[in-house]
Amino acid sequence: MAAKREFIENYFNDDVVAVARRLIGAQFLVNHVGGTIIETEAYAPDDPASHSFRGPTPRSRPMFGAPGTVYVYRSYGVHWCVNFVCRPGNAVLIRALFPTDGIEHMIERRAVPDRRKLCAGPGRLTQALGIDLEHNERPLSDLPFDFAPAPVESGVIAGPRIGITKATDLAWRFGLPDSKYLSRPFTKNGPSAV
DNA sequence: GGGGAGATTATCT
DNA sequence: GATAATCTCCCCG
């Protein structure tokens with residue numbers, strides 16, 4: 001559907017930090033397996049922690065595609081991580097979901113049967129949803145993806161991003177601090193409501 | 001339940 | 001040749 005693609009391009013054609021905040025509460029499914037986004041991080045082209053920092057490379061090329069493009073990369077040679085592209089060079093890393101759909105499929109794919117950790121982390125959620133390089137550079141508006149915004153008015157906080165060594169001062173991680181399905185808790189001090 | 005080591009490989013310098 | 005947007009397991013208590 002052309003209207004759907006246009007809606008999604010519009011949704012992601014915005015400031016990457018605003019989109020990262022806005023994505024909390026949205027529904028994300030792959031082949032009908034997925035859940036509610038509860039944790040994200042923003043990455044920008046002028047951000048030393050971003051894959052797009054030194055311009056397009058074979059790996060980061062999808063980050064310079066149309067808003068709403070899916071960017072998948074291999075992390076630590078072991079895990080897949082999934083991002084949604086915003087404006088060129090900008091993308092939001094999806095770090096955790098609250099599982100709602102296809103939980104039995106997730107349990108099958110995940111070696112560790114801890115329900116709380118099915119989608120609690122960027123590597124875990126791609127494993128649970130069956131995301132790999134095959135999904136790289138494809139539009140979020142097309143199958144097998146399903147994306148539905150669901151704005152969360154309050155209760156979202158910001159904090160420093162996880163697992164990076166550069167630009168650690170930026171509070172570009174967003175999430176629902178009370179959820180038990182986060183990749184890691186938000187610390188008491190520092191972060192603030194957004 | 002918390003800290004630390006090791007896994008494992010594409011990517012870029 | 002070093003690094004990396006991570007995860008799991010093992011040890012300790």
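Every heavy atom of this structure was used, including side-chain atoms; hydrogens, water molecules and symmetry mates were not. Within every chain, numbering begins at 1; the chains are lettered A, B, ... in the order of the sequence lines, protein sequences first and strands thereafter.
- At whole-Å resolution of the value, CG in A/L125 and P in C/dT6 are 12 Å apart.
- Nucleotide C/dC7 holds its C1' atom 16 Å from the CH2 atom of A/W80, rounded to whole Å.
- Residues of residues 89-107 of chain A having a heavy atom closer than 4.0 Å to DNA chain C, listed by number: A/L93, A/R95.
- In the 5' to 3' direction, nucleotides of DNA chain B lying under 4.0 Å from heavy atoms of chain A begin and end at B/dT8 to B/dT13.
- Note on A/R74: nothing from the nucleic acid sits closer than 4.0 angstrom, heavy atoms only.
- Distance, A/H51 NE2 to C/dA5 P: 4 Å, rounded to whole Å.
- By the 30° and 60° cut-offs, the orientation of the rings of A/F147 relative to A/F12 is tilted.
- Between the side chain of A/S52 and the backbone N or O of A/G89 there is at least one donor-acceptor pair closer than 3.5 Å.
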Report each atom pair, protein N/O against N/O of nucleotides 8-12 of chain C, whose distance is under 3.5 angstrom.
from  : atom 1 : to     : atom 2 : distance (Å)
C/dT8 : OP1    : A/R110 : NH1    : 2.9
C/dT8 : OP1    : A/R110 : NH2    : 2.9
C/dT8 : OP2    : A/R124 : NE     : 2.7
C/dT8 : OP2    : A/R124 : NH2    : 2.8

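- Atom CZ of residue A/F174 and atom CD1 of residue A/I24 lie 8.5 Å apart, to the nearest 0.5 angstrom.
- When side chains are defined from C-beta on, A/V16 counts as touching A/V92, because their heavy atoms get closer than 4.5 Å.
- Scored by the salt bridge (Lys or Arg N to Asp or Glu O under 4.0 Å) test, A/D47 finds A/R161 as partners (sequence neighbours excluded).
- Residue A/T165 has a polar side-chain atom (N or O) positioned under 4.0 Å from OP1 or OP2 of C/dA4.
- In this model, a side-chain donor or acceptor of A/Y73 finds a partner on the base of C/dA5 within 3.5 Å.
- A distance-only check finds a donor-acceptor pair linking the side chain of A/H135 to the backbone of A/D132 [under 3.5 Å].
- Donor-acceptor pairing under 3.5 Å is lacking for the side chains of A/Y11 and A/E9.
- Listed by first residue number, the stems of DNA chain C with at least three Watson-Crick or G-U pairs below 3.5 Å are B:1-7 with C:6-12, B:9-12 with C:1-4.
- In this structure, the side chain of A/Q27 does not engage the main chain of A/D146 through any donor-acceptor pair within 3.5 Å.
- To the nearest 0.5 angstrom, A/L125 atom CG is 14.0 Å from A/W80 atom CH2.
- Contacts classified as salt bridge (charged side-chain N to carboxylate O under 4.0 Å, His left out) and involving residues 114-131 of chain A (residues at least two apart or in different chains) are given here: A/D114-A/K117.
- At least one side-chain heavy atom of A/R109 sits less than 4.5 Å from a side-chain heavy atom of A/V33.
- Heavy-atom nearest nucleotides on DNA chain B were determined for A/L133 and for A/Y76, and the one closer to the 5' end corresponds to A/Y76.
- Residue A/R184 places its CZ atom among 12 or fewer non-hydrogen atoms of other residues, nucleotides or ligands, all under 6.0 Å distant.
- Note that CG of A/N83 is 11.0 Å distant from CG of A/N90, once rounded to the nearest 0.5 Å.
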